[in-house]
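Report on the following structure.
Given the structure is predicted, the values throughout are model-derived calculations rather than measurements.
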Amino acid sequence: MTNPSYLQKGDTIGIVAPARKISESELKLAITTFELWGLKVKLGKNIFRICNQFSGTDEERANDFQEMLNDVSVKAIICARGGYGTLRIIDSLDFKSFQKNPKWIIGYSDVTVLHSHIHTNFNCQTLHATMPINFSQDAESLETLRKSLFGEKNSYTFESHPLNRMGNAEGILTGGNLSLLYALTGSVSDINTENKILFIEDLDEYLYHIDRMMLNLKRSGKLKNLAALIVGGMSGMKDNLIPFGKTAEEIIFDTVKEYDYPICFGFPAGHITKNFTLPLGTKVRLNVLKKIDLFF
């Protein structure tokens, strides 16, 4: 995997909104934060436009992202927020300049489209991390982003989960939002999970749909030969009047129970308060024991 250059004080970070709309007030804290880190901030020209739920038309959002990809002075691109919309513009983007001048692409949720597309087609590392809309949510998560951007060592240790399957693993970290991984299946942005450590998380889904998506990953061979599975936040899950009968975590465990690789539940990343930065495309080491350790 290509490792984009780490940032230094004086570098420029671009902020774009490839999906849902965002307001100027919602970006103030992020701009201030980046400036306190010693960075310059460049905003997408159309970032505050509105087209129904989107931050401008598909063309406007794609143009903003393309400009950031092409601008060699921009060393990292962070997505202002998720929602829905990146899938509508991914095929309009030209990554030729990005291939010559790799830069960090940052975000989570809907940004899984970019993570997956870049890993599959351009073999480049990206950061699954908190976004400007969430900068006030948790200082510790924000600090993991700063350390990752500036190339400082990161490692995480936290409590074990009752459904965990013990063991140690090493491999390239991949994945993101389960719903988007499901949506990308069979496309040019679909990921290869062979011998990799897969991370998944999701929000606001019906439990039966978690089951459907997990079975899709299983039937398409994405769960069979993993090095390990990491499950982040499974928050705001919904059920029908007739209960599905299992939690999201139990559904996931049952889907992969025939395999023997380590499984870590409750990882602090995703649509939850603690959203620690994950270096997708990076070789990491996972220890699932009485405590959980992730080293990279």
Side-chain angles (χ1 to χ4, degrees), residues 1-3 108 111-128 155-156 158 160-202 205 207 209-234 246-270 276-289 292-296:
M1 281 278 183
T2 301
N3 181 9
Y108 73 106
V111 186
T112 298
V113 174
L114 290 161
H115 294 312
S116 298
H117 189 78
I118 289 169
H119 296 166
T120 298
N121 296 283
F122 310 113
N123 206 37
C124 186
Q125 297 175 13
T126 60
L127 295 177
H128 184 282
S155 64
Y156 306 138
F158 55 97
S160 188
H161 186 282
L163 287 177
N164 283 357
R165 186 156 60 208
M166 304 300 182
N168 302 314
E170 187 175 283
I172 298 293
L173 184 62
T174 192
N177 181 264
L178 178 59
S179 294
L180 270 303
L181 296 176
Y182 174 73
L184 295 171
T185 299
S187 74
V188 296
S189 308
D190 199 358
I191 58 171
N192 177 2
T193 62
E194 190 83 10
N195 298 318
K196 295 180 180 179
I197 296 178
L198 176 64
F199 166 76
I200 56 173
E201 63 84 30
D202 220 323
E205 284 288 346
L207 292 170
H209 196 212
I210 296 293
D211 189 66
R212 174 192 290 162
M213 292 188 291
M214 289 302 299
L215 287 172
N216 173 274
L217 294 187
K218 184 174 185 177
R219 297 184 70 237
S220 60
K222 287 188 170 60
L223 301 177
K224 184 176 182 179
N225 296 312
L226 295 178
L229 176 65
I230 299 176
V231 182
M234 287 285 162
K246 298 175 185 177
T247 66
E249 289 79 5
E250 289 169 339
I251 290 168
I252 294 167
F253 181 83
D254 283 351
T255 308
V256 297
K257 63 185 178 183
E258 68 190 78
Y259 309 126
D260 60 2
Y261 46 73
I263 307 173
C264 165
F265 287 91
F267 191 92
F276 289 0
T277 300
L278 289 171
L280 299 180
T282 301
K283 181 175 281 191
V284 301
R285 182 159 49 91
L286 175 69
N287 298 331
V288 185
L289 301 168
I292 311 301
D293 298 304
L294 183 71
F295 301 98
F296 52 92

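Note that the OG1 atom of T126 and the CG atom of L278 stand 10.0 Å from one another [nearest 0.5 Å]. The distance from the CD1 atom of I252 to the CZ atom of F265 is 5.5 Å, given to the nearest 0.5 Å. With rounding to the nearest 0.5 angstrom, the NZ atom of K222 is 9.5 Å from the CG atom of L198. Between the NE2 atom in H209 and the OH atom in Y182 there is a gap of 4.5 Å [rounded to 0.5 Å]. The CD1 atom of I263 lies 9.0 Å from the CG atom of L226; values are rounded to the nearest 0.5 Å. For the atom pair F158 CZ and L294 CG, the distance stands at 7.5 Å (nearest 0.5 Å).
Between L173 and K196, every side-chain heavy-atom pair lies at or beyond the 4.5 Å cut-off. Proximity of M1 to H119: side-chain heavy atoms (C-beta onward) are separated by under 4.5 Å at one or more points. Two residues are said to be in side-chain contact when any heavy atoms from C-beta on lie closer than 4.5 Å; D254 and D211 fail this criterion. Under the 4.5 Å side-chain criterion, counting only non-hydrogen atoms from C-beta, M214 is in contact with I200.
Proximity of a side-chain donor or acceptor of H117 to a complementary backbone N or O of V113 within less than 3.5 Å is not detected. The main-chain N or O of L223 is found under 3.5 Å from a side-chain atom of Y261 such that the two form a donor-acceptor pair. Distance alone, capped at 3.5 Å, is enough to place a donor-acceptor pair between the D202 side chain and the S179 backbone. Using a distance-only test at 3.5 Å, with no hydrogens or angles considered, a donor-acceptor pair links the side chain of T120 to the main chain of D190. In this structure a side-chain-to-backbone donor-acceptor pair under 3.5 Å is missing from R165 to L229. In terms of modelled atom types and a separation under 3.5 Å, the side chain of Y156 and the main chain of T277 share a donor-acceptor contact.
For L127 against H115, the heavy-atom pair with the smallest separation is O-CE1, 3.2 Å. Smallest separation of non-hydrogen atoms from M234 and A248: CB-CB, 3.9 Å. What you find for P262 and A169 is that their closest heavy atoms are CG-CB, 4.1 Å.
For the side chain to side chain contact (heavy atoms under 4.5 Å, CB included) with F253, the qualifying choice from E250, K257, E249 is K257, the only one to do so. A side chain to side chain contact (heavy atoms under 4.5 Å, CB included) with T174 holds for exactly one of L181, N192, I191; it is I191.
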Side-chain donor-acceptor contacts of residues 279-289 below 3.5 Å, not counting sequence neighbours, with atom names and distances?
{"unit_1": "T282", "atom_1": "OG1", "unit_2": "Q125", "atom_2": "OE1", "d": "3.2"}
{"unit_1": "T282", "atom_1": "OG1", "unit_2": "P279", "atom_2": "O", "d": "3.1"}

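Ring pair F267/F199 is perpendicular by interplanar angle, where above 60° counts as perpendicular and below 30° as parallel.
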### Query
Run the side chain to side chain contact (heavy atoms under 4.5 Å, CB included) check on V231 and E201 step by step: do they pass?
CA-CA 6 Å; V231 182; E201 63 84 30; over 6 Å; no

